[in-house]
Amino acid sequence: MERPRHQGMAKNTYMRLWRLPLICLLWEVAMIVLFGVFVRFGPEADAHWEEEKREMNLTSDIENDFYFRYPSFQDVHVMIFVGFGFLMMFLKRYGFGAVGFNFLLAAFGIQWALLMQGWFHSFKNGKILIGVENLINADFCVGSVCIAFGAILGKTSPIQLLIMTLFQVTLFAVNEYILLNLLHVKDAGGSMTIHTFGAYFGLVVTRILYRPNLEQSKDKQGSVYHSDLFAMIGTLYLWMYWPSFNSAISEHGDAQHRAAINTYCSLAACVLTTMAFSSMLQKKGKLDMVHIQNATLAGGVAVGTSAEMMLTPYGSLIVGFICGIVSTVGYVYLTPFLESRLHIQDTCGIHNLHAMPGLIGGIVGAITAAAATEDVYGKEGFIKAFDFTGAYRTRTPSLQGGFQAAGILVSVLMALAGGTLVG
Amino acid sequence: MERPRHQGMAKNTYMRLWRLPLICLLWEVAMIVLFGVFVRFGPEADAHWEEEKREMNLTSDIENDFYFRYPSFQDVHVMIFVGFGFLMMFLKRYGFGAVGFNFLLAAFGIQWALLMQGWFHSFKNGKILIGVENLINADFCVGSVCIAFGAILGKTSPIQLLIMTLFQVTLFAVNEYILLNLLHVKDAGGSMTIHTFGAYFGLVVTRILYRPNLEQSKDKQGSVYHSDLFAMIGTLYLWMYWPSFNSAISEHGDAQHRAAINTYCSLAACVLTTMAFSSMLQKKGKLDMVHIQNATLAGGVAVGTSAEMMLTPYGSLIVGFICGIVSTVGYVYLTPFLESRLHIQDTCGIHNLHAMPGLIGGIVGAITAAAATEDVYGKEGFIKAFDFTGAYRTRTPSLQGGFQAAGILVSVLMALAGGTLVG
Amino acid sequence: MERPRHQGMAKNTYMRLWRLPLICLLWEVAMIVLFGVFVRFGPEADAHWEEEKREMNLTSDIENDFYFRYPSFQDVHVMIFVGFGFLMMFLKRYGFGAVGFNFLLAAFGIQWALLMQGWFHSFKNGKILIGVENLINADFCVGSVCIAFGAILGKTSPIQLLIMTLFQVTLFAVNEYILLNLLHVKDAGGSMTIHTFGAYFGLVVTRILYRPNLEQSKDKQGSVYHSDLFAMIGTLYLWMYWPSFNSAISEHGDAQHRAAINTYCSLAACVLTTMAFSSMLQKKGKLDMVHIQNATLAGGVAVGTSAEMMLTPYGSLIVGFICGIVSTVGYVYLTPFLESRLHIQDTCGIHNLHAMPGLIGGIVGAITAAAATEDVYGKEGFIKAFDFTGAYRTRTPSLQGGFQAAGILVSVLMALAGGTLVG
């Protein structure tokens, strides 16, 4: 695997020779022990399913959650491993490294995520009961790490990366718990929990890892034609499968259906405004590949919270419209500014693709929730959409909107604090 | 994005600088307004779904149309954006351009297709009610534009492309309405509506855009090794997902199942005859990459109409067998003839991959429909398969065959007329 | 298509010019005749489905097997054509050839597999009744040929390849019949029937085709950077979709769900130990791309038999842990040994990726089956999981374990005998 040469290969060779294998092996042994103690199949994956089915009054095997979510799970899986992996390939010197390290950190991270998220959300009688939804959530959690990786690409060793993964997954699970359980916030596509959190986490880490001389070697790290084509594979898979990303863990039925449609609309609009502003802001009106590879995806990020709500197709178009502009403008003006003034070297421009659209997504979610009425959702649909049951029976839409807004703040703060700690 | 140099960059620079952004932005604003006025969620994506479920007597969320069609939708989505995009990459100078422009026109087209097709097929009480089936149909419609794009690849500016998309989508929807609603024709995989229409449309446009000097620079546009590998990615995704393409909007149950099997069989047979004739017609018996990249797909095109009917697996093999031959022979003899005699520069050879197999598909569909009997389909299956209900209760198979044949004619004529208009 | 030059192009040119086309055409004609005589739609794909539904007491179209298996089928399809095809691309001189020949042999093989497997498993009243499960099984069968192809890559002409495919598919079906029907063995992910059988078959063939001078030209066949990136696409698609591979033909409901989870866990663990040992065994601690491209997949192979059983997530981690090590060590020490001492030139290292993990998979399956108790599976689940009904009503877990072990032996012997015959 290609790795940067300037890390002093000779100096600590002996150490390095053994550190990566040792960490991987010890970690995996720890995983086996923890899985052995805690993780079991959930009722829908357990061989006792026949009894479970009777208990839940299900008449057919097709009502197993597997059939509701597995196709979306596989799409999300492709987004994490091919999508994020190949998107980061545009740097010619890190092509294979980007994909390979992404592969390593993701495989490493999903196991820890299954445990961390399991303790918070699927813990029952001392065991974590897992099913396909847990697999999706683990992929989501790791997606957040991949986002942060995009900011520090080319600056860290694999070991630093694994340590970052370990901490980020842990903090992700804590943040997610605060948002979903304590604040009772909706965030099925993870605008706040995945994108905002992951991006600000990565930005803080890259700020701390700032290396001035990296700037000079920048043109050596330019992209080449074929790398760009590989990156475009990443882009397209992220773009195409984003409807699955935002609908994968929504409620069965209309919510999943709606989330897919909203995301589809937002992404389509985003492509047009990205192309428009890319052409407008470049010399000679040429389109910039970096914008097409990245800003076209901002529309998916920005409906992450609200896609499962009654955002409506035209609402989605508006969100996509705005995000294509914000993200492209960010690449042109904000990234250079962040680097020169704030010393934040954002290799893949995640501030434009994840941080800002994530924030917008959180805000759109808060507004959409606050604007919800029984008229639009129907009596039952209203309760089901926001899960206004039990302790939350009396929560009003405007209050929900407030909590959604609080969720954004918490995510940003957790990311900043966590990033500082890890950095 | 790489673009041909010989377009006189300097001459109308100022105009070009602003035309593309302006068109994209204005168009997107128009879309938002029109979506705002017309587009709403269909009953299966709306939050009132709980009430809908009771009304339709559905017992489980899994009976939402989303679960019948979403996996196929995602496959179709990949075919449009990765399949067609990468297939066109074989020209070394247009690699990124092909994918990028395909991305732009598809994102642009699906929004307009949702509206146009919605007005014709999903209009209720002044609103277009959309669900996953509309998304698939929008992708299909744009697929037809991608096909036409294959003929004019490298000859148009992005703006010309967008204008062509606008008109072609409009005409596609009109043609589709005539076929499916007025003639009550079956065409789930779009042999007629997508392939025949798209191909002849594109061929007429490229005839009108004929540039003699393009011929001379032809060898500069030859393919290179890596471009061919990227094109092969496109081919394989089209080939693998074609069963989803032909089954995506078929009736629930047996029809979707049958369509997938027929397409699978036809495609397998097509690979063998393509390889056979490619090897036979080349000097030294070497296989020609262009044939493998294209003609292997003809079998999918040619069962587009009949796949959901009782074509039977061996019937599919026969269709695939014939199409592999026709398409390969077309690449060897017909494409050069079209270029030298008729001045039709068919960059990607869509006449061989879409026009001829599309026509064959229409004919096979007409024959299969005309040959249908209650014996083969069962009493209920017969009525369900051809939707012989209401006003069409008394239509006989042979009459249906006649209407199917009429559908081919209409598609060709609409394409020729439309292409001339746009060209 | 690129082909090795040293095959004496001039010598038998005339023969070669016509042999490949002739074989392909004759074969396809034979297929059409045999499909015409034997193959019909199964009840779930036939237009009589409405009547079938009533008979089977199904209330909804969604209970058609199509919806249980189609998404997994498409994933498996991608694994066979893109996964295996691109994985073999790492040799720079065979890039396009690997993908193209893989395409040809797979399209050729699936038709014959539909017939062979149909005669053994779906034969009813003189007809083979096919549905989506048959398509998956045909893909599986061809997967076994692709594995064997990995050993002889670059050593055979397309015609030799087709002949090998013909024989291997036939023997595969016989072996599968012995295992699944006579021994009543479980092997949903094909550790024994697909991987062990395919790998040993290929290894015997490559041993017989041993060419000493091939060794010398080895460095010419080294990989290049971009080929490696294409190979990584193959790897990632195999890795991501392996849960679908192992769950595609499991029983509806919990078994499919469980198989996906077990495979997901095993694969994740396998990545970590592969990276650890790759780094440990290489000079300077650098990761070897070949290991990452291959050994990371061994975890999927090794839970092929047991994934649908109650292997539990930590059991899967253990299997993945071991296989990553075994496979990586195999690449470093065993492959050179096999080549220099046993004259087995294993081009893609299938001994490490398929043979050994396949054997481990068989053994893990036998142990997991022998260890099964009614307590763990539940009374009904126990019977359903191992299909202890009818003639097998009285079979005990330990007896089942014994039969599973016997299945491994049979697979290896059949592969060795068959490979010798074909070689």
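Numbered from 1 within each chain, the chains take letters A, B, ... in sequence-line order. These figures come from a predicted structure and were not determined experimentally.
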Check whether [X] gets within reach of chain C through its side chain, its backbone, both or neither, counting any heavy atom under 4.5 Å.
X      : answer
B:A269 : both
B:K384 : side chain
B:E63  : side chain
B:I62  : both
B:D375 : backbone
B:T274 : neither
B:C265 : side chain

Answer yes if the ring centres of C:Y67 and B:Y67 are under 6.0 angstrom apart, and no otherwise.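 No: the rings miss the under 6.0 Å criterion.
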Compute the ring centroids of C:F230 and B:F230, then answer whether they are less than 6.0 Å apart. yes
Drop me the distance from [X]'s [atom1] to [Y]'s [atom2], to the nearest 0.5 angstrom.
X      : Y      : atom1 : atom2 : value
B:L272 : C:W27  : CG    : CH2   : 9.5 Å
B:M310 : C:R40  : CE    : CZ    : 9.0 Å
C:I130 : B:Y264 : CD1   : OH    : 8.5 Å
C:F35  : B:L317 : CZ    : CG    : 5.0 Å
B:M275 : C:L105 : CE    : CG    : 9.0 Å
B:E251 : C:W49  : CD    : CH2   : 14.0 Å

Could you have a look at [options] and say which one has the most heavy-atom pairs with chain B under 4.5 angstrom?
options                       : result
C:E50, C:Q74, C:E44, C:Q111   : C:Q74
C:L34, C:D46, C:L22, C:V29    : C:D46
C:L135, C:N134, C:I233        : C:L135
C:A138, C:A106, C:G109, C:S60 : C:S60
C:L162, C:V39, C:V78, C:I80   : C:V78

Is any side-chain heavy atom of C:L25 closer than 4.5 Å to one of B:M280? yes
Do B:N262 and C:F41 have side-chain heavy atoms sitting under 4.5 Å apart? yes
Where B:D254 and C:A47 come nearest, the two heavy atoms and their spacing: OD2-CA, 3.3 Å
Testing the basics here: between C:A45 and B:I261, what is the closest heavy-atom pair and its distance to 0.1 Å? CB-CD1, 3.7 Å
Is it the backbone or the side chain of C:D139 that comes under 4.5 Å from a heavy atom of chain B, or both, or neither? both
At a heavy-atom separation under 4.5 Å, does C:R54 approach chain B through its side chain, its backbone, both, or neither? side chain
With no hydrogens and no angle check, just 3.5 Å: does a side-chain donor-acceptor pair link B:S244 and C:Y70? yes
Candidate pair B:F68 and C:F66, rule ring-ring contact (aromatic ring centres under 6.0 Å, His included), full reasoning: CA-CA 9 Å; B:F68 285 92; C:F66 182 75; 9.6 Å; no
Counting only heavy atoms not in B:Y333, do more than 12 sit closer than 6.0 Å to its OH atom? no
Contact winner vs chain C - B:G381, B:A268, B:C270, heavy-atom pairs under 4.5 Å: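 Heavy-atom pairs under 4.5 Å are most numerous for B:A268.
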Do side-chain atoms of B:H257 reach the backbone of C:N64 as a donor and acceptor pair under 3.5 angstrom?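 No, B:H257 side chain to C:N64 backbone: no donor-acceptor pair under 3.5 Å.
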Salt-bridge contact C:K53-B:E380 (side-chain N to carboxylate O under 4.0 Å): no
Aromatic plane relationship, C:H77 with B:W239 - under 30° parallel, 30 to 60° tilted, over 60° perpendicular: parallel
